[in-house]
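Input: a single structure, listed below in structure tokens.
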Amino acid sequence: MHNDNTNLKGVRVRFAPSPTGSLHLGNVRTAIFNWFFARHTGGKFILRIEDTDRERSTPESVSLIMESLKWFGLDWDEGPDVGGNFGPYYQMQRLDKYKKYIDVLIKKNMVYPCFCTTERLAEMRHQMQKQKLPPRYDGKCKNLNKEEIERLTSQGIKHVLRFRVPTTDTTEFKDLVHGKISIENSIMDDFVIVKSNAGPTYNFACVVDDIEMKITHVIRGDDHISNTPKQIAIYKALGINFPEFAHIPLILGPDKAKLSKRHGAASPLEYRDMGYLPHALLNFLTLLGWAPEDNRELMSRDEIVESFSIEKINDRNAVFDSQKLDWMNGVYIRKMPLEELVNIALVELKKAELIKDTKEVDIDKISKIVALIKERLRKFSEIPQLVNYFFDKPVYEEKPVRKFLKKDGVSQMLQELCKVIEEVEPFDIETLEDAVREFIEKKGLKAGQVIHPVRVALTGRAASPPIFDVMQVLGKQTCLKRIADALA
RNA sequence: GUCCCCAUCGUCUAGUGGCCUAGGACUGUAGGUUUUCAAUCUACCAACGGGGGUUCGAUUCCCCCUGGGGAUGCCA
């Protein structure tokens, strides 16, 4: 089938968000790529919660994350709620495992306690930058002897554990999307692996978990490239083979900066609330940094699963283009069965207080209305705005009123037309149109000269679905009344 | 500042030395259809950042510059 030039048997990938708020589209895209890769290869997709940041992690965020993934239909084979053989799936519940690895590193003398204050560290970095040097720990605590360590500890001074990074050579790895990436070890920092509160840091916990959970491919954002050499250093110190890495390009906002909360609604749940279809967003996001062999764009989930491959992930950052998303959402809305759209419309209409109780609603009428606006929709939140005049008195917009209603003779013409409308029986689209057209012809007018004023009188605006359809839904009496009111 | 990554239309992308007078999609523009809008159909606008190499031949390979992004945390 497809050759990803990697071993595709027994693939295990993970999505490992930190629960410090809701997901944003960048995170989601990472989850999507991991999920498609797992499903394409018949491997496992694992959800792991990286909650080592005690201050900012919240259970609410965990729910939000799960809700987001579920909304997209991204299911996980192992995770906090579903369990699995490699749990627990919350890092804060895996402290004993980290301890085990720390002991190994201590035994190997690969770590050392550091008592430096954050102030000193900040000052140190500042100085290094001033001297145009790479900012790295200066090694003040690197060679403390037992007595010094005991003395400082007994004084109650907190310490962290730093990892001794190799000082010579280069660390290299073959990234599945970037190819060879290498970095001089000499510019690498003796980074912290255990915080002063005894908790593990990201770079350490991540490695331990990926080892313990038997992760085969680490697919994550480009912003983690700089962490990878550090993590590889840990793998090497432990004498354990590291997994494949695939760093995927970042999603940029319109300002070309990494996508973040600054760019307005960044959470998928917010997109849901704005009226986007999960599959439209999923399809769109999948195409940010990836394209199938044949460059298709509109693809079903199964089609993507079928053709997804890491090889085809490109390595340039992608700007998020909401216009294209809107287009794609519109395409999928048009493909929806009407009943489904009606149900969504009901919710939107109620939210906008255009209808009161969904139970006492004329479904037949709503269906007709929804059918009329279906191809005019780009997202569900637009529904109320598009149909409000079917429920409430129209809000007359100034410009169309001036242009079509306030013209000489229009008032009289409409009054005469009302007499025609009154006679239309049955009040269906065809009969109505025939009658009105006959009127138009008799008066020697052009269709637009009648239809535009009628539209404005009935809807308050210059654009609407085909007017006879609108009239039919409105009903004879409402039409007559609205025209009369508009002329008053 | 330091390190890393990246560089095709405004945006998402195809393109892996000749098939490229660079293809598709979104947007935009013009037109057809229509009572308007939308949808739809047709056409059009629009790109290989610059400079050196390598080669018979570079969008494709190498180097430099420029530009953009990321990382530089006891956040992940």
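Keep in mind that the numbers below use all heavy atoms, side chains included, and drop hydrogens, waters and symmetry copies. Lettering follows sequence order; numbering is per chain, from 1.
The aromatic ring centroids of Phe204(A) and Phe191(A) lie 6.0 Å or more from each other. For Phe173(A) and Phe242(A), the gap between ring centers reaches or exceeds 6.0 Å.
Spacing of P atoms, U40(B) relative to A14(B), comes out at 25 Å, to the nearest Å. Between G18(B) and U60(B), the two C1' atoms lie 11 Å apart (nearest whole Å). Using atom P as the reference point in both U36(B) and G24(B), the two lie 30 Å apart (nearest Å). Look at the C1' atom in both C12(B) and G31(B): the space between them is 27 Å, to the nearest Å. Going from the C1' atom of A58(B) to that of C3(B) covers 31 Å, rounded to whole Å.
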Original post:
Just by protein heavy atoms under 4.0 Å, how would nucleotides 71-76 of chain B read 5' to 3' in B, S and -?
Top reply: SSSBBB
Original post:
Where along nucleotides 37-46 of chain B does protein come under 4.0 Å, by heavy atom, of base (B) or sugar-phosphate alone (S), with - for untouched nucleotides?
Top reply: BBSS------
Original post:
What string of B, S and - do you get for nucleotides 10-15 of chain B, 5' to 3', if B is base contact, S is sugar-phosphate-only contact and - is no contact with any protein heavy atom under 4.0 Å?
Top reply: -BBSSS
**OP:** Could you run through nucleotides 59-67 of chain B and give me one letter per nucleotide, 5' to 3': B if any protein heavy atom sits under 4.0 Å from the base, S if only the sugar-phosphate is that close, - if neither?
**Re:** ---------
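In this structure, Asp326(A) and Tyr276(A) have side chains that are in contact, with non-hydrogen atoms separated by less than 4.5 Å. Side-chain atoms of Trp290(A) and Val177(A), non-hydrogen and from C-beta on, never get closer than 4.5 Å to each other.
Residue His178(A) contributes atom NE2, which lies 9 Å from atom P of C5(B) at whole-angstrom precision. Rounded to a whole Å, the CE atom of Met124(A) is 14 Å from the C1' atom of G1(B). Whole-Å rounding puts the Glu433(A) CD to U35(B) P distance at 8 Å. Between Leu405(A) atom CG and U36(B) atom P there is a gap of 18 Å when expressed in whole angstrom units.
Along RNA chain B, the nucleotide nearest to Leu250(A) and the one nearest to Ile181(A) differ in position, and the one closer to the 5' end is contacted by Ile181(A).
Legend: residues meeting ring-ring contact (aromatic ring centres under 6.0 Å, His included) with Tyr98(A), ordered by chain and number and at least two apart, are absent.
Less than 4.0 Å separates RNA chain B from at least one heavy atom of each of the following residues of residues 443-451 of chain A: Ile451(A).
A donor-acceptor pair is defined here as one N or O able to donate and one able to accept, closer than 3.5 Å; such a pair exists between the side chain of His24(A) and the backbone of Gly26(A). Side-chain atoms of Arg48(A) do not come within 3.5 Å of backbone N or O of Arg14(A) as any donor-acceptor pair.
Taking a 6.0 Å sphere around NZ of Lys140(A), one finds it holds 12 or fewer heavy atoms contributed by other residues, nucleotides or ligands. More than 12 heavy-atom neighbours from other residues, nucleotides or ligands sit within 6.0 angstrom of CD on Gln155(A).
A donor-acceptor pair shorter than 3.5 Å can be found between the side chains of Arg220(A) and Thr228(A). Inspection of the Tyr202(A) and Asn227(A) side chains reveals no N or O donor paired with an N or O acceptor under 3.5 Å.
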